[in-house]
Structure formats: structure tokens, C-alpha cells
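As the structure is a prediction and not an experimental result, all values here were calculated from the model.
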Amino acid sequence: MNLIWVRHGETEINRQSRYLGHSDVPLHEHGKKQALELAARLLHIIELPKALYTSDLLRCIQTAEPLSTGWQLPASTVPALRELSFGEWELLTYDEIMQKDSERATSWYDDPFRECPPQGESLEQLGNRVDTWLGSILRDSEPSEAETVVIVTHGGVIRWVQATWVLQDPSAYWKMDGLKHGEALFMSWDGQRLIQDFL
């Protein structure tokens, strides 16, 4: 199976460098342009994928829309593909978080795999939901067929997949290059691990 991972276009909250997890905000004009430009590229190189999946948050749904229209393929929304929840720190900047809640923030920055923002998630919790969903997709693939699926999601989810499924080392999460807004990368499944290549 081939997987095309897409990071949603930019939002105004992203532009302001605020923490954006489960808060449901739309793309801004530049983000919409990024989505259209990426769709033009993918529609040119991928004739018709088996499936188009997207996080159920608006910024991903809007990024997936031109792909869905171009391929005439409905996008399936998947809550498991949401970004990490930052809980009470949603929509705050790093400086605002440190001023408001420095002790808990320091604990989380020191160990984001097990510590959570207040009312938020740890990286381990994000990883559990992403791994469960991705594992089911890969298990359902046909070994004899070269299927392609397109997945529109968030930077944190993509970093997790890169670390855990490509490098097979979740602790490498922060070392991953990740994707910029409105970019895509290619992965292929060899039955044991995912192999990555940027588009």
C-alpha cells in the first residue's frame, strides 16, 4: 500500500504561532491557496486513490475538499487523525503558557510522552489512537494490489507516523523534519515498516 500524507493548509492561529490542537478553526486565504496548489499537484500525479481520509477538524476538511472534488471521491472523516489536544493551553502562545502555567508546562516539555497539558493529551495518547487507526488500514490492504490512500491530517500526527512507523522509534518524534502547511509526503508499506519519500 502507498500512503500520501498531507498536512492541512495554514490558519490564522498557525500564523500567530499559537498552540492549535482540537480547536476547530478554518483555513485563512493563504491556507486555501496552499490547499488548491497542492491539490493541483496531487491530481496530476495520482489518477484515483482507493480512499481519501481526513481529520474531522475544519482545517483538514477544507484542505481535502479540492482533492475530493478533483477525484470525485468522498472524503471520510476520522477523529483519530486529530492533532494533539492542548487542553487549557489551546490558542495560547508559548510565552503565554509559560506565564500562566510554567510549572506544568515545564513538566510537559520535559516529558510530553507521559505528561499532558491540563485537560489535554500526552503524545502517548495521540500515538495510541493514530496507531490503532493506521494499523487497521494497513491490515485491510490487499498484499497483491498497489493501493494508494491519501490522508489529510496535522503536523503532530505526521511526526508521530514518521518516528514510530518509519524510524520505528517514537522517541525520535522531535527530531522529525515533519511537513510545512500544505505539503505532502509519500510512504509505502512493505509489510513491516513504512518507507518515506518527500513528494
Asks: Main chain of V166, side chain of R193: is a donor-acceptor contact present, judged purely on distance under 3.5 Å?
Replies: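 Present.
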Asks: Please set out all donor-acceptor pairs under 3.5 angstrom arising from side-chain atoms of residues 56-63, sequence neighbours excluded.
Replies:
residue: D56; atom: OD1; partner: R82; partner atom: NE; Å: 2.7
residue: D56; atom: OD2; partner: R82; partner atom: NE; Å: 3.4
residue: D56; atom: OD2; partner: R82; partner atom: NH2; Å: 3.2
residue: R59; atom: NE; partner: H8; partner atom: NE2; Å: 3.4
residue: R59; atom: NH1; partner: S23; partner atom: O; Å: 2.8
residue: R59; atom: NH2; partner: G21; partner atom: O; Å: 2.6
residue: R59; atom: NH2; partner: H154; partner atom: ND1; Å: 3.4
residue: Q62; atom: OE1; partner: L27; partner atom: N; Å: 2.8
residue: T63; atom: OG1; partner: G9; partner atom: N; Å: 3.1
residue: T63; atom: OG1; partner: R59; partner atom: O; Å: 2.7

Asks: Using the side-chain contact (heavy atoms from CB on, under 4.5 Å) rule, pick out the option among E183, R159, H181 that qualifies with R7.
Replies: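 Considering E183, R159, H181, a side-chain contact (heavy atoms from CB on, under 4.5 Å) with R7 is found only for H181.
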Asks: Compare all side-chain heavy atoms of V149 with those of E147 and state whether any distance is below 4.5 angstrom.
Replies: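 Answer no - side chains too far apart.
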Asks: I need the S188 OG to M1 CE distance, nearest 0.5 Å.
Replies: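 With rounding to 0.5 Å, OG (S188) is 11.5 Å from CE (M1).
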Asks: Any side-chain heavy atom of L73 within less than 4.5 Å of one from P49?
Replies: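 L73 vs P49: side chains touch.
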Asks: Any donor and acceptor pair, going by atom type alone, linking the side chain of S136 with main-chain N or O of W133 inside 3.5 Å?
Replies: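 Here the side-chain-to-backbone pair exists.
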Asks: Would you call the rings of W160 and F113 parallel, tilted or perpendicular if under 30° counts as parallel and over 60° as perpendicular?
Replies: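 Ring orientation, 0 to 90° scale: tilted.
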Asks: With a 4.5 Å cut-off on side-chain heavy atoms, are T93 and R18 touching?
Replies: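 Yes, at least one pair of side-chain atoms sits under 4.5 Å.
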Asks: Distance only, no hydrogens: is a donor on one side chain within 3.5 Å (strictly under) of an acceptor on the other, for Q34 and E10?
Replies: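 Looking only at side-chain atoms, E10 and Q34 do not form any donor-acceptor pair under 3.5 Å.
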Asks: Is any side-chain heavy atom of V161 closer than 4.5 Å to a side-chain heavy atom of T153?
Replies: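 Not touching, per the 4.5 Å side-chain cut-off.
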Asks: Linking directly or through intermediates, with side-chain heavy atoms under 4.5 Å: list the remaining ILVMFWY members grouped with V25, chain and number order.
Replies: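 Noted: V25 shares its cluster with I13, L20, L91.
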Asks: Only pairs at least two apart or in different chains count here, so list each salt bridge (Lys or Arg N to Asp or Glu O under 4.0 Å) that has a residue in residues 62-71.
Replies: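 For residues 62-71: none.
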Asks: Can you confirm whether the side chains of S107 and D110 place a donor and an acceptor under 3.5 Å from each other?
Replies: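 S107 vs D110: no donor-acceptor pair found between side chains.
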Asks: Side-chain contact, heavy-atom cut-off 4.5 Å: F86 with I97?
Replies: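 F86 does not reach I97 side chain to side chain.
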Asks: Q196 side chain to Q162 main-chain N or O, any donor-acceptor pair under 3.5 Å?
Replies: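 Not a single qualifying donor-acceptor pair exists.
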Asks: So, E83 side chain and S55 main chain: donor-acceptor pair closer than 3.5 Å or not?
Replies: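 Between the backbone of S55 and the side chain of E83 there is no qualifying donor-acceptor contact (under 3.5 Å).
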Asks: Hey, does the side chain of W71 reach the backbone of I46 with a donor-acceptor pair shorter than 3.5 angstrom?
Replies: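 Yes.
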Asks: Give the ring-plane orientation class for Y94 versus Y109, where under 30° counts as parallel, over 60° as perpendicular and anything between as tilted.
Replies: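 Aromatic pair Y94/Y109 classed tilted.
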Asks: Please list all pairs meeting salt bridge (Lys or Arg N to Asp or Glu O under 4.0 Å) that have one or both residues in residues 161-173, counting only residues at least two apart or in different chains.
Replies: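 Qualifying pairs: none.
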Asks: Taking everything shown except Q16 itself, do over 12 heavy atoms lie less than 6.0 Å from its CD?
Replies: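 Counting neighbours around CD of Q16, more than 12 heavy atoms of other residues, nucleotides or ligands fall under 6.0 Å, so yes.
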Asks: Within the 4.5 Å heavy-atom criterion, are R129 and L81 side-chain neighbours or not?
Replies: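 Sidechains of L81 and R129: no contact.
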Asks: In the single-linkage hydrophobic clustering (I, L, V, M, F, W, Y; side-chain heavy atoms under 4.5 Å), do W165 and L167 co-cluster?
Replies: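 Unlinked, W165 and L167 end up in two clusters.
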Asks: Does D24 have any salt bridge (charged side-chain N to carboxylate O under 4.0 Å, His left out) partners at least two apart in sequence or in another chain, and if so, which?
Replies: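 D24 satisfies salt bridge (charged side-chain N to carboxylate O under 4.0 Å, His left out) with no other residue.
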Asks: Does the side chain of P117 reach to within under 4.5 Å of the side chain of Y19, using non-hydrogen atoms?
Replies: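 A side-chain contact is absent here, since even the closest heavy-atom pair is not under 4.5 Å.
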Asks: Do the non-hydrogen side-chain atoms of I137 and I151 ever get within less than 4.5 Å of each other?
Replies: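 I137 vs I151: side chains apart.
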Asks: Atom CG in L42, atom OG1 in T148: separation rounded to 0.5 Å?
Replies: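 Interatomic distance, L42 CG to T148 OG1, rounded to 0.5 Å: 11.0 Å.
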Asks: Looking only at atom types and distance, does a side-chain atom of E121 sit under 3.5 Å from a main-chain N or O of S85, one as donor and one as acceptor?
Replies: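 Judged by distance alone, yes, a pair lies under 3.5 Å.
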Asks: Apply side chain to side chain contact (heavy atoms under 4.5 Å, CB included) to E88 and list each qualifying residue two or more places apart in sequence or on a separate chain.
Replies: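 Applying side chain to side chain contact (heavy atoms under 4.5 Å, CB included) to E88 gives R104, P118, Q119.
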Asks: Exactly one of P74, S76, S68 should register a side-chain contact (heavy atoms from CB on, under 4.5 Å) with L52. Which one does?
Replies: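 The option that passes is S68.
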